[in-house]
Peer 1: 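The structure under discussion is supplied below as structure tokens; questions concerning it will follow.
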Amino acid sequence: MSGPLFPRWTNTVSRASAAALLAIPAIALGGLMAYVRSPFVTNQNRPIEQPIEFDHRHHAGDEQIDCRYCHFSVEKSPSAGIPSTTVCMSCHAQVWNKSPYLTLVRQAYFTDQPIPWVRVHNLPDFVYFNHAIHVAKGVGCVTCHGRVDQMAAIEQYQPLTMQWCLDCHRNPKPNLRPQEFITSMTWQPPEKHEEAAQLADSLAEQYDVHSRTSCTTCHR
């Protein structure tokens with residue numbers, strides 16, 4: 001009688017090959033999903049060079065300037081607004097009015113030209129986002145933008161992915177705060193869980209906040 005056509009060890013090879021054919025696509029898909037959620041794609045914590053060294057730590061932190069002083073349209077418009085040079089010069093016509101750091105600001109003001117700021121938070125064109133409605137419903141600046149009073153230069157703090165948005169839209173209550181603290185960088189809900197939950201329920205009722213997961217909420 002003749003021996004087996006293939007040696008016994010080929011059985012192990014065939015099983016390992018079958019497992020690899022199944023595992024490789026799964027690993028590749030998992031790796032791709034992890035990559036698109038990584039800061040390399042979401043742009044989180046990526047330093048962006050601006051034409052002017054504007055330090056939020058000084059303006060929002062040391063001087064306690066309210067966010068709405070510069071981002072004047074955040075309560076009434078989809079866009080938070082970029083301060084005009086008139087807003088800048090309302091202070092800097094008297095303060096640091098000869099500083100070389102503000103040369104570009106003075107040039108833009110006297111030539112009536114905008115400062116070429118580089119956009120930091122940039123949603124795709126197919127996503128509709130309205131700053132005013134979020135502020136009106138009690139979502140604070142720090143929830144999305146982080147502690148800007150501790151940033152020398154503004155960086156994207158949150159991933160701004162669809163999953164991140166939906167997590168809040170499914171359960172918005174933990175992210176609500178009283179309107180008088182909407183721009184506060186340090187406000188925190190009560191430490192006791194029961195009190196925090198009671199406040200969240202009260203704010204949701206007061207601001208008429210409900211979960212919103214319909215596609216048309218963000219894609220119009």
Side-chain angles (χ1 to χ4, degrees), residues 34-135 139-165 167-168 175 182-186 218-220:
Y35 173 72
V36 299
R37 288 168 171 78
S38 71
F40 293 105
V41 177
T42 63
N43 294 322
Q44 282 177 274
N45 307 121
R46 178 175 295 180
I48 296 178
E49 185 175 352
Q50 298 288 355
I52 298 172
E53 296 182 22
F54 182 91
D55 194 336
H56 276 77
R57 294 175 303 179
H58 172 67
H59 292 80
D62 300 336
E63 300 298 331
Q64 295 289 301
I65 298 175
D66 191 283
C67 305
R68 292 165 291 194
Y69 182 79
C70 296
H71 302 286
F72 50 87
S73 60
V74 70
E75 295 178 300
K76 54 187 177 183
S77 169
S79 172
I82 298 175
S84 66
T85 52
T86 302
V87 173
C88 301
M89 292 299 289
S90 65
C91 290
H92 289 296
Q94 290 81 33
V95 181
W96 280 23
N97 56 1
K98 295 183 180 179
S99 170
Y101 291 105
L102 299 172
T103 299
L104 185 57
V105 176
R106 292 191 293 269
Q107 289 177 350
Y109 177 76
F110 288 114
T111 59
D112 197 24
Q113 295 293 321
I115 297 171
W117 298 109
V118 180
R119 193 179 186 96
V120 176
H121 303 85
N122 192 16
L123 293 176
D125 292 338
F126 55 80
V127 177
Y128 174 78
F129 179 83
N130 190 317
H131 273 89
I133 191 64
H134 286 80
V135 172
V139 180
C141 306
V142 72
T143 300
C144 300
H145 297 293
R147 291 292 302 274
V148 298
D149 62 322
Q150 297 178 351
M151 297 181 186
I154 291 297
E155 298 177 355
Q156 182 180 313
Y157 176 72
Q158 297 287 8
L160 304 184
T161 60
M162 182 175 178
Q163 179 180 344
W164 178 77
C165 294
D167 286 343
C168 183
N175 292 315
I182 205 71
T183 61
S184 172
M185 295 287 107
T186 57
C218 301
H219 304 291
R220 304 183 178 183

Peer 1: Which of these, His145, Gln44, Arg46, sits in a side-chain contact (heavy atoms from CB on, under 4.5 Å) with Gln156?
Peer 2: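 The residue from His145, Gln44, Arg46 that satisfies side-chain contact (heavy atoms from CB on, under 4.5 Å) with Gln156 turns out to be Gln44.
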Peer 1: Could you tell me which non-hydrogen atom of Pro116 sits nearest to which non-hydrogen atom of Pro51, and how far apart they are?
Peer 2: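 Taking every non-hydrogen atom into account, O-CG, 3.3 Å.
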Peer 1: To the nearest 0.5 Å, what is the distance between OG1 (Thr103) and CD1 (Ile52)?
Peer 2: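 If I round to the nearest 0.5 Å, the distance is 9.0 Å.
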Peer 1: Distance from Ile115 atom CD1 to Tyr109 atom OH, nearest 0.5 Å?
Peer 2: 12.5 Å
Peer 1: What ring pair (Phe, Tyr, Trp, His ring centres under 6.0 Å) pairs are there with at least one residue in residues 40-64, not counting sequence neighbours?
Peer 2: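 For residues 40-64, and leaving out neighbouring residues, the ring pair (Phe, Tyr, Trp, His ring centres under 6.0 Å) pairs sorted by first residue read Phe54-His56, Phe54-His59.
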Peer 1: Tell me, with the steps shown, if Asp62 and Arg57 meet side chain to side chain contact (heavy atoms under 4.5 Å, CB included).
Peer 2: CA-CA 6 Å; Asp62 300 336; Arg57 294 175 303 179; 5.6 Å; no
Peer 1: Quick one: does Arg106's side chain have a donor or acceptor within less than 3.5 Å of a partner on Ser99's backbone?
Peer 2: yes
Peer 1: Locate the shortest heavy-atom distance separating Thr42 from Pro159; write the atom from each residue and the value.
Peer 2: CB-O, 3.7 Å
Peer 1: Which pair of heavy atoms, one from Tyr157 and one from His121, lies closest together, and at what distance?
Peer 2: N-NE2, 4.4 Å
Peer 1: Should we say atom OH of Tyr101 is surrounded by more than 12 heavy atoms from elsewhere, each under 6.0 Å from it?
Peer 2: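 For Tyr101, atom OH is not crowded (no more than 12 foreign heavy atoms under 6.0 Å).
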Peer 1: NE2 of His134 to CG of Asn175: how many Å apart, nearest 0.5 Å?
Peer 2: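 Those atoms lie 10.0 Å apart.
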Peer 1: Distance alone, cut at 3.5 Å: any donor-acceptor contact between the side chains of Trp164 and Gln158?
Peer 2: yes
Peer 1: Name all pairs fulfilling the side-chain hydrogen bond (donor to acceptor under 3.5 Å, both in side chains) condition that reach into residues 68-86, sequence neighbours left out, sorted by first residue then second.
Peer 2: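 Every pair satisfying side-chain hydrogen bond (donor to acceptor under 3.5 Å, both in side chains) with a residue in residues 68-86: Asp66-Arg68, Arg68-Glu75, Tyr69-Ser90.
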Peer 1: Does Asp112 CG have over 12 foreign heavy atoms under 6.0 Å away?
Peer 2: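 It does not: Asp112 CG has 12 such atoms or fewer within range.
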Peer 1: So Val127 and His219, side chain to side chain contact (heavy atoms under 4.5 Å, CB included) or not? Walk me through it.
Peer 2: CA-CA 5 Å; Val127 177; His219 304 291; 4.1 Å; yes
Peer 1: Which pair of heavy atoms, one from Met185 and one from Cys141, lies closest together, and at what distance?
Peer 2: CE-CB, 4.2 Å
Peer 1: Counting distance only, does the side-chain N/O of Gln64 pair as donor-acceptor with the main-chain N or O of Gly61 below 3.5 Å?
Peer 2: yes
Peer 1: Inspect the surroundings of CH2 in Trp96 and state if more than 12 heavy atoms from other residues, nucleotides or ligands are less than 6.0 Å away.
Peer 2: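 Check fails, neighbour count at 12 or below.
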Peer 1: Would Val142 and Arg147 satisfy side chain to side chain contact (heavy atoms under 4.5 Å, CB included), going step by step from the backbone distance to the final call?
Peer 2: CA-CA 6 Å; Val142 72; Arg147 291 292 302 274; 3.8 Å; yes
Peer 1: Atom SG in Cys218, atom CG in Leu123: separation rounded to 0.5 Å?
Peer 2: 9.0 Å
Peer 1: Using 0.5 Å steps for rounding, measure from the CG atom of Asn97 to the NE2 atom of His92.
Peer 2: 10.0 Å
Peer 1: Does CD1 belonging to Ile82 count more than 12 external heavy atoms closer than 6.0 Å?
Peer 2: no
Peer 1: Can you tell me how far the CG atom of Asp149 sits from the OG1 atom of Thr186, to the nearest 0.5 Å?
Peer 2: 7.5 Å
Peer 1: Quick one, Thr111 with Gln113, criterion side chain to side chain donor-acceptor pair (under 3.5 Å). Give me CA distance, side-chain angles, the key distance, then yes/no.
Peer 2: CA-CA 5 Å; Thr111 59; Gln113 295 293 321; 5.3 Å; no
Peer 1: Could you tell me whether the side chain of Gln50 and the main chain of Val118 form a donor-acceptor pair under 3.5 Å?
Peer 2: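 Looks like yes, one N/O pair under 3.5 Å.
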